[in-house]
Student: 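Encoded as C-alpha cells, here's the structure I'll be asking about.
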Amino acid sequence: MLTFFLKKLPSVVMVAIASSVIAFVLPRLAPGDPAVALAGSDASPEQLAAVRDQLGLNGSLYEQYFHWIWNLLHGDLGRSFAMRRPVATLISSRLESTIELAALALVLMIIIGFTLGILSATLRNQTTKAALDVVNTICLATPPFLTGLLLILLLGIAFPILPVSGEMGLLRDPVKGLQYLILPAFALALPQAAVVARLLATAINSVRGEDFIDLAKAKGVPPGRLMRRHLLRNSLGPAIVAIGLRAGELLGGAIVIEAIFARNGLGQLAVSSVQNRDYLVLQALILGAVLIAVLIQLLSEITIAALDPRIRLEG
Amino acid sequence: MTIRILPAIRHARPIGGMIFSVVLAAGLCATASVRADDGKPVRGGTITVSQTADAQPRNILTLRAGNSPWVKNVFETLTQTDPETFEVKPLLAKSWKVAADGLSMDIVLRDDVTFHTGRKMTAEDIKFTLETMALPETAAQVGFIAKEFQSIDVTSATTLTIKFKKPLANIFDLFEEANVIDKETYAKREDGSQVIGTGPFKFAKWSPGASIMLERYDSYRDKSLPYLDSIEFAVITDSTASVSALRSGRSVMATGLSQNDLVEFTNNPQYQFVNSGGTIFPLGVNVTKAPFDKKEVRQALGYAIDRQRINDQVFGGIGVPTDLFWGVGSPGYGKDQALHYGYDPKKAKALVEKAGATGAKVPIVVPSIPANRSIFEIVQNNLKEIGLAPEAVVLDVADFDKRQVAGDLGPAFILIHGQVGFSTATLLSSLPSLRQGNPSGFWSDQYATLRNAVTAANSPEATDKAVKALSDYMLDEAFSLSLVQTPGQTILSDTVKGVKATLRSQMLFGQAYLAE
Amino acid sequence: MTVPQSKPMHRRWFNPSIARYMEAFTTTRGIAALTAIILISALAFLAPVVFPGGYDVQSRESLRAPSFLHFFGTDELGRDLFVRSIYGLRSDLALVYFAVPVSMVAGTLLGLIGAVSPRLGSFVQRCLDIIVGFPGLILGICVVLVLGAGWTALLVVIVVSGLPGFGRLARATLLSQQQREYVIAARTLGVGKWQIMVRHILPNAVDPIIVQGAVFVVSAIFIEAALSIVGLGLQPPEPSLGTLLNNGIRYISRAPTYVLGPTVILIIVALAFSMLADALNATVNRK
C-alpha cells in the first residue's frame, strides 16, 4: 500500500499545485475586487483607491501568489478581506453546519440505499419490484434541490410540520437542530441513495450467480443468513466505493441545498466569498475541496483492493 | 398597525454577502418610536434581532445595512435628529453655536461620557472622529462634508471650535453619522476584537456571518439605562428564514425583509411595522452615447415607463412612484414635479420616432439583485412598446459596484441607492447618479450653478425655490430618471417595548425592555 | 485535431451501431423514454407556434392561481407561467442539445489523447481530476463571472462540467484496449497512432460514452437550474426552468404553483432522459 501511495504522490502534488494556481487565478479573472465590498457602491473612485491600497491589493500577482503559497506552507491561510478574520477561523466556524448536514445525509444515504437495494434484489413479486424500480428511477433522476423544493412545498407550505429554512447547531439543541437538518439532509441523500441501491442490487444479483452461493444454498443456509453472510458481504465493494465517491458529491450538492434551506455552511461561505471577491477564503476552500476529492478517490481505490483480493493496487 | 409617517426608505438586499450603504436624508425621512410604551420598563432580559446582512465593524463610520441594527447602541453621535419633528437634539454635545457668518461653530460637550474602556471622552476624540470621517479609506458617504473644514480647534477638554471653508447647511448630516470613536482602539475594530464606543451597550462578540452580541454597559451615564442585559443580532441572510425565526419566537424583531415575506404579518396584531429608511431605484442613461445623446429619447424614456406597475408588482404597492430623488415631502419636493412623467407610451413612441431612434439597441446594465431584475423586466417590456430594442446586461454585484464607482455603466442602467433621504444638498454629492463623475456622463454649467444654489440655500424658502429650479432642469434633461422610492420595513413583535429608531433607520435599544 | 482518414472509418462502424441502438427502443422503458423525449422536444421547440404571443406578455394580473386560462397561474408581472415554463424548457433543451454533444466529443478526444501521447494523456486526466474536485458550483460561478451571464457562459460551463465524465470513460476504454493483441499487432505493423486511436479504440468507447451522454443531459439541465438559482443563469426576460424556479422561490408561500410547475417539468425531462440512459445501457450490455 505504501508503494501505491508513493507512486501516486507526484500526481497528487501536481494536482495540488495546478489547483492552487487555478484557485488563485480564476477568482481574480472575474471583474470586481474585495475593496469594492468594503468601500461600498456609493464610494467615490478616490475612496475606493484608498481602500484598495489599505488592503494591500496593489502588489503584483506573482508577489501575491508566492506570498500566499509561502504562508500556506507555514500553515497560515491568511485573513479574509471582507471579514478581517483569519481564514482558518472562518472556515472552522462554518464547518459544523456542513459536516452535520453531510453526515446525516450520509447516514440516510446508507440506510435508504441499502434498504432499497436489498429489497429490489430479494423481492420476488414482479409488480412490487417494478414499482420499486420506478421509485428508484425517480429518485435517481431528481436532483437534491428539486427534492428540496418539493419537500418545502409539501412539509413547509402544504402541511407545515418542519421548519424549511434556517438552522440550529446540533450541539446547541439536538432536537431542534435535527428538525432543521432532516429535510435538507434527506433531499441531499435521496438521489445518492438511489445510486447506492442500484449498484448494490446489481452486485447482489451477480454474486448470486456464483458457485459458492449455490453451495451455501445446498448446505441449507437460511435466506436471512445467506443475505447477510454471503451475498451482502461479497457485494459491498462497489457499494462502498459508490458511497465514498458520493460522499464527495454530498459536499458539492450542499451548496445549492444550503441556499434553498438558508443554512449557513461552507457552501454559503464559498458563494458569499465569490460575491465579495474574498480571494483568500475562496482559494482555501477550492484547494481544500480539490485535495479532499483526490483523497477520496485514492481511499476508494484502496478500499476496493482491501475488499477484493483479486484486485491489486496499481499506480 | 403600520406606523408610516413618511415613506422613508431603507433598503433590503435579500442576498447575503452583498454590501451596500444606506444613507438617509436629514429632515426627510422618518422613523418613529415604535408604539406607545405601555407599562413600566423592567430591568433585565435578552432579546434576539434578525438582520439580513452581516456586520462590518471596519465600517463604523459608514452607513451599512449590516451595521444599522446595532451600531447606534454601541456608538453615539454629537447630535441626533428627532425622526418625528426633525428637530436636531443634543446627544454627546451639550450645546452648539454657529457664527453669524456661518463659517465657524462652537461646540460644548457633555462632561460625563465614558468609553467602554472606562476612559473619559474628550474634545480630542471628537476631533479624531471628524478627521477620520474625512479620510478617503473611511469611505463615508458624508465624508465630503468634513472635507470642507478649515480647522478643528480643541479649546478645552469639553469644548471645540470648527472652522468651515464655506457655510455648511448640511453639517448635521455629518454629525448624525459621525459615531464618536475611541482614538486608542479604533485601529483594532476591524476584526471585531475592540469595537469601543460610548453607547448604552458594549460590543461583546462578533461571529462573522452568524451573529453580533451586545452586552449592557454597566457604567453608562444614565444609571437606569439600558434595561436589557444583552441583545443578540442573528445574521439570517434569507428573508424567509428570518420570517420563520420571528414566527417561532426565536427572534423578536426582523430587519431587511423583502416585501413578499411581510405580507402575512400585515393584519396580525402581535406584530407591527416600522417603515424607515429606504431605497431609490433610478433608470439612468449615458448622455454621451447613442441614442441617449438626443434629449427627446431620454424624455421618451420618462413617458414610456409604467412606474405605478413597478411599484405594485415589484414592491407590493409600498413604495412611491416618483420622478424625483429627494425625500418625499422634503423642502422643494414638488408634488406635480414628481408626476411630471406620467405613463404615456404614445407620446414616448412619437418622441422616439421624431428623434429617429426607432429600433435602436439599448443594452441596460442591471445588478443581479432580485428587485432590479424585476424592474428591468417591466422596463424592457415598456421600451419594446415604444420601438426600442432593450437587452439585459446582468452584472454580479461586485462587478456592478465597481463600475458604478468608476461611473462606467454603458448607455443605460438601473441602479439602486439606499440613500433616500439625506438633505437634498447632501444627496447631490453622495448619490452616484447625481454626483460629479456620474455614470450618465452628465455635467453642465447650468447644472453646477443650480446645484450650488441648493447647497448655499440657508432658509426653508430659499431651499424650496432652489430645489424646484434644479428639479425642473433635471426633469427636462432626463439623464437619470427616478422610478420609485421604497421604504425598508422592520417588523417587531409586541413582546418587546420601547424600541426606537433614528432618522436613518438605525435601531435604538437603549430604552427597550421586555413586556411582562 | 482533424483526422482526414476518419471520415470513411466513421461511416463503416457507425451505421450498424445506429441499428444496434434502435434495439433499445423495443423495450417498454425505451419506448416510453423515446416518446416522452419526442413529445417534450416537440412541445418546446414548437412553442413559438403554439404560443405565438411569446413569453413576455405582461399584465396587471399578478400571481394568479392556476385556471383554465393559465394552467400554472401567472407570475409577479402577470405573465402566464405555463407559457413561460414551455419557453423555459425550450431554452434548456436548446442549451443541452447543443452543449452535450460538444462535451461528448471533446471529452472523448481528451480521454483518448493518451493513445497518441501517454504523457499528455495522464496530464489531461489530472486536469480532469481538478475539474471534478472543484467544490460544487464554484467552477461554474467563476466561469460565469469571467464570461458574463448568458448563453455563452452556460454553454461553456456545461461543456466543461461534462469533460471529466466522458474523458474518464474514454480513458478507461483506452487503457483496457491498449494491451489487446490486435492493437499491439497494429502498432507493430506500423499503423499510425492517430489511426489506432480512431479506428480501433474509439469504436470501443462509443457505447459507454453514448450512455453517459444520456445521463449527462440530466446533469446539464440541473447545472443550468442551479446556476440560475444563485442568480447567474440566462438574462431576463428570457425564461429558463432555472430562472423560473429562482423567481418562484421568492413567492413560494403565496403562489406554490410558481415553483411546482417548472419542478414537475424538470422531473419529467430528467426521468425521460434517465430512462433513455437505462434502456441504452441495457442494450449495450447485452452485446
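Just so it is clear: chains get the letters A, B, ... in the order the sequence lines come, proteins before strands, and each one is counted from 1. Remember, it's a predicted structure, so these values are computed and weren't measured experimentally.
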Student: Taking all non-hydrogen atoms of both residues into account, name the closest pair between C/A225 and A/F145 and its distance.
Tutor: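 Closest heavy-atom pair between C/A225 and A/F145: CB-CZ, 3.4 Å.
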Student: A/A141 and C/F222: which non-hydrogen atoms are nearest, and at how many Å?
Tutor: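 Closest heavy-atom pair between A/A141 and C/F222: O-CE1, 3.5 Å.
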Student: Please give me the minimum heavy-atom distance between A/L26 and C/V146, naming the atom from each residue.
Tutor: O-CG2, 4.0 Å
Student: Which region of A/L140, side chain (C-beta onward) or backbone (N, CA, C, O), has a non-hydrogen atom less than 4.5 Å from a non-hydrogen atom of chain C, or is it both or neither?
Tutor: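 Contact with chain C: none, neither part.
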Student: Determine which residues belonging to residues 159-168 of chain C lie within contact range of chain A, meaning some heavy atom pair is under 4.5 Å apart, and list them by number or answer 'none'.
Tutor: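 Residues of residues 159-168 of chain C touching chain A at under 4.5 Å: C/R168.
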Student: Begin with the C-alpha distance, continue with both residues' side-chain angles, and end with the deciding distance and a verdict on side-chain contact (heavy atoms from CB on, under 4.5 Å) for A/L146 and C/L245.
Tutor: CA-CA 9 Å; A/L146 281 192; C/L245 287 179; 3.9 Å; yes
Student: Does any backbone or side-chain atom of C/I141 lie under 4.5 Å from a heavy atom of chain A? Answer side chain, backbone, both or neither.
Tutor: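 Side chain only.
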Student: According to salt bridge (charged side-chain N to carboxylate O under 4.0 Å, His left out), who are the partners of C/R250, at least two apart in sequence or on a separate chain?
Tutor: none
Student: Minimum heavy-atom separation for C/L145 and A/V274, please, with both atom names.
Tutor: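 Here C/L145 and A/V274 meet closest at CD1-CG1, 3.3 Å.
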Student: Where does C/I249 contact chain A at under 4.5 Å (heavy atoms): side chain, backbone, both or neither?
Tutor: side chain
Student: Heavy-atom cut-off 4.5 Å, strictly under: side chain, backbone, both or neither for A/R198 against chain C?
Tutor: side chain
Student: Using non-hydrogen atoms only, which part of A/V294 is less than 4.5 Å away from chain C: side chain, backbone, both, or neither?
Tutor: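 Nothing of A/V294, per the 4.5 Å heavy-atom cut-off to chain C.
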Student: Considering non-hydrogen atoms only, spot the tightest contact between C/I138 and A/A270 and give its length.
Tutor: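 C/I138 and A/A270 have their closest heavy atoms at CD1-CB, 3.6 Å.
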Student: I need the C/D278 CG to A/D133 CG distance, nearest 0.5 Å.
Tutor: 7.5 Å
Student: Tell me, side chain or backbone of A/L291 under 4.5 Å from chain C's heavy atoms, or both, or neither?
Tutor: neither
Student: What residue, out of C/V218, C/I267, C/V269, has the most heavy-atom pairs lying under 4.5 Å from chain A?
Tutor: C/I267
